[in-house]
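Predicted model only: the values in this text are computed from it and were never measured. Letters A, B, ... mirror the listed sequences (proteins, then strands); counts begin at 1.
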Amino acid sequence: MPVPEKPALEGLEDSLAARWERDGTYRFDRTKSRQQIYSIDTPPPTVSGSLHVGHVFSYTHTDFIARFQRMRGKEVFYPMGWDDNGLPTERRVQNFFGVRCDPSLPYVPNLTPPDKPDKPISVSRPNFIELCTKLTIEDEKAFEQLWRYLGLSVDWSMTYATIGRDAQLVSQKMFLRLLAKKLAYQVEAPTLWDVDFKTAVAQAELEDREQPGAYHKIHFYREPGAGNREPIAIETTRPELIPACVALVAHPDDERYKHLFDTHVITPLFGVRVPVRAHALADPEKGSGIAMICTFGDTTDVTWWRELKLPVRAIVQANGALGPVTWGQPGWESADPARAQAAYDQLAGLSSKKAQAKIVELLRESGDLQGEPKPITHNVKFYEKGDRPLEIVTSRQWFIKTIDYRDEFIKRGQEISWHPPYMQARFDNWVNGLNGDWCISRQRFFGVPFPVWYPILANGTIDYANVIVPPEERLPLDPSTDVPDGYSADQRGKPGGFVGDPDIMDTWATSSISPQLVSGWERDPDLFKRTFPLDLRPQAHDIIRTWLFSSVVRAHFENESVPWTNAAISGWVLDPDRKKMSKSKGNVVTPLALLKEHGSDGVRYWAARGGPGVDTAFDPGQMKIGRKLAMKVLNVSKFVLAGDQPEGKVTEALDRGMLQNLAVVVDEATAELENYEYAKALAKIESFFWDFCDNYVEAAKSRRYGDFGPEAAASASTAMRLALSVLLRLLAPYLAFATEEVWSWTNSGSIHRARWPARDELISVSGTDASAARAVQHVTEALNAIRKGKTDQKVSVGTPVKEVVYRAAEDAIACLKLVERDLKAASRSETLILRAGEPGVEVTLKPPSAEATGGKPAEG
RNA sequence: GGGCGGUUAGCUCAGUUGGUAGAGCACCGGCUUUACACGCCGGCUGUCAGGGGUUCGAGUCCCUUACCGCCCACCA
C-alpha cells in the first residue's frame with residue numbers, strides 16, 4: 001500500500017478491526033507450549049448494565065499487556081466472558097418478559113412469553129434461564145462491537161457466558177468436589193438476609209448505609225425476690241425485637257452491672273425470664289452499657305448467641321415481617337402469657353419498621369419507655385443491591401469453608417505478583433478479617449443450581465442429612481427438572497420420593513471458577529495444560545475481597561495452586577469531584593461517543609496514563625493529546641517513508657547517536673512493560689518520539705534531501721526508517737490503530753504480530769561510540785538556542801541567516817564538530833561558528849534586501 | 001478504632017539508589033517552516049500539605065499532625 005497523500009485517523013477503527021478479524025490477527029494458536037503462551041483471565045463485564053468509561057479504562061490496560069506480550073513472541077490466550085448471571089439480569093428479564101420464576105414448575109419446550117401480560121406469568125427455572133439467555137445475547141453483541149472498536153486484541157472465537165453450559169458444568173463439578181472433600185457443607189444457621197429479594201447474602205456483598213434511627217430507653221425488671229424492684233434501663237435502637245430477647249449482656253468489668261450477672265430479669269410487655277450475662281464485646285461506653293441480645297438484631301447478637309450458648313426466639317420471617325407466635329408454648333414461656341399474646345398480636349404481620357412504631361406505643365402505655373426516643377443516625381448493613389436493611393434469618397444454607405484455611409490463602413497470595421504490589425495488603429486484610437465461612441447459596445432463580453436432591457421420608461419430612469449426589473457425567477443438571485438416578489419423575493415431592501435443592505449459587509461462587517472455565521479444566525486437558533495456572537488476572541481493586549479472593553479459594557481447594565501468577569489491579573475513573581465515575585449520577589459518558597469523538601487511539605492514550613492501581617481523572621484533554629500524538633505518527637511516517645529513499649550504511653554521527661539513544665529507550669520501555677508499568681514505558685517512548693520529530697528529523701532533513709551527497713543521504717534515510725520502525729512497534733500496544741495503518745504502507749503483515757524491538761537491531765547498525773550519542777543531545781541544545789536567538793529577533797526559525805556563533809563547553813563543541821554540517825544546515829546560516837566558552841548564541845540576520853523590504857511594510 | 005494509597009505549577013501528573021524542582025495541558029508572545037496549523041519556536045507559573053528529626057545536603061529517609069480516597073472493624 002503506498003504512502004497516502006494526506007494520512008488520516010478517521011475510519012481506521014472500523015477498517016482495521018475488520019482486517020484483524022479477517023486475518024485472524026489475534027487468533028490463539030493452541031499448539032504452542034505453556035512456556036510460549038501468555039494466558040489471561042479476563043473479567044467478564046456484567047451485560048445487564050452498560051459499559052461505561054471505567055470499563056474502557058481498565059480493559060485497555062489489559063490490552064496493553066496482551067499486545068506487548070504478543071509482540072514479545074508469546075502466544076496470547078485472551079478470551080472474553082460475559083457476566084449474564086445474577087440478580088441484575090433476573091430483574092431485567094422479569095420486567096422485560098413479564099414472567100416470574102417458579103422452580104417447582106416443569107420445563108415447557110418452546111415457551112414464548114405473551115406480549116404484555118396483565119400480571120406476571122410463572123415459568124420453570126429452565127424456561128426462565130432460556131429467556132435470560134435470549135435477552136442477554138443482544139447485549140453481548142453490542143458489547144463485542146464496542147470492544148472491537150476500542151481495539152481490544154481479544155480472540156473473539158473464545159467467548160463464554162457465566163450462565164452458559166460450560167460455566168454451569170464447571171461450577172457444579174467444582175462444587176461436588178468440595179462436597180466430597182467436606183469443604184462444602186450445609187447448615188441451618190442465622191444468615192444475613194435481604195427481605196425484599198428473600199435471599200441470603202454473603203459478607204462480601206454488604207455495604208453500610210447511614211440511616212436515621214433512635215435510642216429507646218426501656219425497662220427490664222429483676223425477678224421477684226431477687227433484689228430491689230428498680231427497673232434496669234436498657235437502650236436499644238430496635239425495641240420491636242423485645243419479644244426476641246434471649247438475654248442481657250454487659251462488660252465483665254462493668255461495676256454497674258456485676259451484681260446482675262447470672263441472675264435473671266423479666267422483659268417488659270412479654271414477661272419473659274432472661275439471664276444477664278457478661279461478655280467482653282459489650283461496650284460500657286455505649287448507651288447504658290448493658291445491651292439486649294435478640295435473635296437476631298445484628299451480627300453481634302449472633303456472636304453473643306453462639307458464644308454464650310443462648311436459645312433461639314426468632315420472630316422476623318423471610319419477608320421481613322414479624323411471624324406468628326403462641327405465647328406460653330415451649331420456647332415462648334411468659335410470666336403472663338395472655339398479656340404477652342395481647343401485645344404481640346398487635347405486632348405480628350408488621351414489618352420491622354411498623355412494628356417498631358407500634359411497640360413504642362405499647363411501651364409508653366405500660367410505662368416501660370423512659371422519656372422519648374432519642375433520634376440518631378447510624379450505619380446499618382444493607383445488601384449492596386438491596387433497598388431495606390438486612391435482617392438475620394435462620395435458614396438452611398450452603399457454605400464453603402474459609403476461616404480454617406486463612407493461613408493457606410495468605411500463602412497463596414504471596415505466590416502472586418501484585419501490580420501494584422501494595423494491593424496485596426488489601427487481600428491480606430480481607431482474609432485476616434474473615435469472620436465466618438463463605439455462604440454460597442442464594443434463594444434466587446437465575447443462576448447455577450446446586451446439583452443435588454434430598455430424599456423425602458415416609459412421614460413427608462425432607463432428609464437433608466442424606467444428600468443425593470449425581471455422578472459427574474450427568475452435569476450440568478437442574479434438580480428442579482432432572483431426576484436423580486434410582487427415582488422416577490413422579491416421585492418428586494412425594495413421601496418416599498425426592499426433592500431438588502431449590503437454591504442457586506452466589507454470583508461469586510460461579511464467577512470464581514473463571515480460571516478453570518476459560519482454561520478448559522476437565523473438559524479440554526490439552527488446553528488446560530497449556531494455559532493453567534493463567535499468567536494474568538486483571539481486575540479492579542474494589543473486588544479484591546470478592547472475585548479475586550474467591551478465585552484463590554477455589555483454585556487452592558481444587559488445583560492446589562494459585563489460579564494465576566500475576567494480578568494487575570486497575571484503578572477507577574474519577575469524575576472532577578473525585579467520585580467514582582460509574583457511581584455518581586449524571587456523569588456517565590457513553591463510551592462509543594467518546595471513542596468516536598477522540599478516536600480509539602486518543603482514548604487508549606488517556607487510559608495508558610493511568611498506571612496500575614491509580615485512580616485517574618476523566619480528562620478529555622488527555623484524549624485530545626493522544627489523538628495529536630497519533631496524528632503526528634501518521635505525519636512523520638509519511639515524511640520518513642514517502643518517495644524512493646536511498647538505502648545504505650549509517651555512517652553519520654547524528655544518525656548513529658540517535659539510534660544509540662533509541663536503544664536505551666527500547667531497554668527501558670521493555671523493562672517497564674515487563675513489570676506491567678505501561679504508563680511509565682509510554683512516557684519514555686513518547687518523550688523520545690517528540691524529540692525525534694522536532695530535533696533529529698529537523699537536523700537530518702537537509703542531508704536526507706541530498707544536500708551533502710547520496711551516501712550522507714542514505715545514512716539519514718536508513719537511520720530514520722529503522723528508528724521509525726522501532727518507534728512504531730514501541731507505540732503499537734498503545735496506538736493500536738495509527739501504528740497499524742502506517743505499518744501497512746510498507747509491510748504486509750500486522751504490526752501487532754511484529755517482533756518487539758530489541759537493542760541489537762539498533763546497535764548493530766549504529767555502533768556504540770559514546771560521542772555520537774552525546775552529539776545528538778548537544779545538537780538539540782544548540783538548535784534550541786539558535787531557535788531562541790531567531791525568535792527573539794521575531795523571525796521564523798526557518799529564516800535563512802548570515803551568521804550564527806554558538807558557544808558552549810569545550811567537550812560539547814568537540815561533539816558538535818562531528819555533526820557540524822547538519823547543525824549548520826538546520827540553523828540555515830551561511831556561516832556557523834562553534835566556539836568553546838561561556839554558553840551563548842549570536843544570530844546575525846541577513847541585511848534586508850530591496851524586495852524583502854519593499855514587500856513587507858515596517859511595523860507602525 | 002485498624003489497614004492501604006494520596007497531598008508537587010491554574011489543571012492532569014512524572015520525579016528511579018537523598019545531590020541546584022520536571023512534562024503535557026491551559027495562559028501569553030512569535031512563526032505560512034518544502035511530514036504535520038490535529039503544526040513549530042519561545043515565555044510565565046512552585047513555602048514540593050503543615051511541623052519536627054537524621055544528614056554537609058531531604059520532594060525523596062524517620063517521627064508527627066491535617067485533609068482527601070478506598071478497604072475493614074464497630075454501629076445496644
Would you mind reading off the distance between M423(A) atom CE and G3(B) atom P, rounded to a whole angstrom? 18 Å
Looking at C4(B), which nucleotide sits across from it as a Watson-Crick or G-U wobble partner, both distances under 3.5 angstrom, or is there none? G69(B)
On a whole-Å scale, what distance lies between the P atoms belonging to G1(B) and C13(B)? 29 Å
Considering residues at least two apart in sequence or located in another chain, which fulfil the salt bridge (Lys or Arg N to Asp or Glu O under 4.0 Å) criterion with D667(A)? R759(A)
Would you mind reading off the distance between I569(A) atom CD1 and G6(B) atom P, rounded to a whole angstrom? 16 Å
Between U60(B) and C48(B), how far apart are the two P atoms, rounded to whole Å? 10 Å
Mind checking the C1' distance from C70(B) to A58(B)? Whole angstroms is fine. 29 Å
Base, sugar-phosphate or nothing for K624(A)? Non-hydrogen atoms, less than 4.0 Å. nothing
By the 4.0 Å heavy-atom rule, please label I234(A) as base, sugar-phosphate, or nothing. nothing
With heavy atoms under 4.0 Å as the rule, sort R238(A) into base, sugar-phosphate or nothing. nothing
R627(A) side chain, from C-beta outward: closest of C74(B), G24(B), C38(B): C38(B)
From the candidates C31(B), G3(B), C74(B), the one with an atom nearest any side-chain atom of S796(A) is C31(B)
Length of the line joining N635(A):CG and U34(B):C1', which is rounded to integer Å: 14 Å
Give me the distance, rounded to whole Å, that separates C27(B) from G59(B) when you measure between the C1' atoms they each carry. 26 Å
I'd like the C1' distance from G15(B) over to G24(B), given in whole Å. 15 Å
Are L641(A) and V742(A) close enough that some pair of their side-chain heavy atoms sits under 4.5 Å apart? yes
Partner of C13(B) by Watson-Crick or G-U wobble geometry, both contacts under 3.5 Å, or none? G22(B)
Which whole-number value in Å describes the distance from K701(A) NZ to U33(B) P? 12 Å
Could you state the OH-P distance from Y605(A) to C13(B), rounded to the nearest angstrom? 13 Å
Short side-chain donor-acceptor distance under 3.5 Å, N784(A) and R787(A): yes
From the list C75(B), G24(B), C70(B), which nucleotide is the closest neighbour of the side chain of R426(A)? C70(B)
NZ/K374(A): more than 12 non-hydrogen atoms of other groups inside 6.0 Å: no
Could you tell me whether D655(A) and R703(A) make a salt bridge, using a distance below 4.0 angstrom between a side-chain N and a carboxylate O? yes
Between the protein and nucleotides 39-45 of chain B, which nitrogen or oxygen pairs are less than 3.5 angstrom apart?
{"from": "G39(B)", "atom 1": "O3'", "to": "K632(A)", "atom 2": "NZ", "distance (Å)": "3.0"}
{"from": "C40(B)", "atom 1": "OP1", "to": "K632(A)", "atom 2": "NZ", "distance (Å)": "2.9"}
{"from": "C40(B)", "atom 1": "OP1", "to": "D694(A)", "atom 2": "OD1", "distance (Å)": "3.4"}
{"from": "C41(B)", "atom 1": "O2'", "to": "T791(A)", "atom 2": "OG1", "distance (Å)": "3.1"}
{"from": "G42(B)", "atom 1": "OP1", "to": "N784(A)", "atom 2": "OD1", "distance (Å)": "3.3"}

Does C38(B) have a Watson-Crick or wobble mate here (both distances under 3.5 Å), and if so which one? none
Pairs: protein N or O with nucleotides 15-23 of chain B N or O, under 3.5 Å:
{"from": "G15(B)", "atom 1": "OP1", "to": "K680(A)", "atom 2": "NZ", "distance (Å)": "3.2"}

For RNA chain B, whose closest nucleotide is more 5', that of R704(A) or that of Y422(A)? Y422(A)
Over 60° means perpendicular and under 30° means parallel, so tell me whether F296(A) and W305(A) are parallel, tilted or perpendicular. perpendicular
Please measure how far the C1' atom in U32(B) lies from the corresponding atom in C68(B), and state the result in whole Å. 49 Å
In whole angstrom, what separates N432(A)'s CG from A73(B)'s P? 12 Å
Could you tell me whether A282(A) contacts a base, only the sugar-phosphate backbone, or nothing, with contacts defined as non-hydrogen atoms closer than 4.0 Å? base
Nearest-Å distance, CH2 (W304(A)) to P (C74(B))? 11 Å
Please work out which of the three classes, parallel, tilted or perpendicular, describes the rings of W606(A) and F57(A), given edges at 30° and 60°. tilted
Heavy atoms from C-beta onward define the side chain here; which of C38(B), U12(B), G30(B) lies closest to that of A617(A)? U12(B)
Does R828(A) make a side-chain donor-acceptor contact with the base of U34(B), cut-off 3.5 Å? yes
Under 30°, 30 to 60°, or over 60°: which ring-plane class applies to H541(A) and W572(A), parallel, tilted or perpendicular? tilted
Quick one: label D298(A) by what it contacts on the DNA or RNA (base, sugar-phosphate, nothing), any heavy atom closer than 4.0 Å. sugar-phosphate
Answer yes if the side chains of E686(A) and Y734(A) hold a donor-acceptor pair under 3.5 Å, and no otherwise. no
Rounded to whole angstrom, note down the P distance from G69(B) over to G52(B). 28 Å
Pick the P atom in U20(B) and in G3(B), then give their distance to the nearest Å. 35 Å
Does E698(A) reach a base, just sugar-phosphate, or nothing at all? Heavy atoms under 4.0 Å. base
Rounded distance in Å - CG (L281(A)) to P (C74(B)): 8 Å
How is S637(A) classified with respect to the nucleic acid when contacts are heavy atoms under 4.0 Å: base, sugar-phosphate, or nothing? nothing
Less than 4.0 angstrom between a side-chain N/O of T300(A) and OP1 or OP2 of C75(B), yes or no? yes
Identified side chain to side chain contact (heavy atoms under 4.5 Å, CB included) partner of M292(A) from the options I234(A), T267(A), V246(A): I234(A)
Within 45 degrees of the axis of the six-membered ring of F639(A) and under 6.0 Å from its centre: does K701(A) put its NZ or CZ there? yes
Determine the interplanar angle of the H61(A) and F64(A) rings, folded into 0 to 90°, and report it as parallel if under 30°, tilted if 30 to 60°, perpendicular if over 60°. tilted
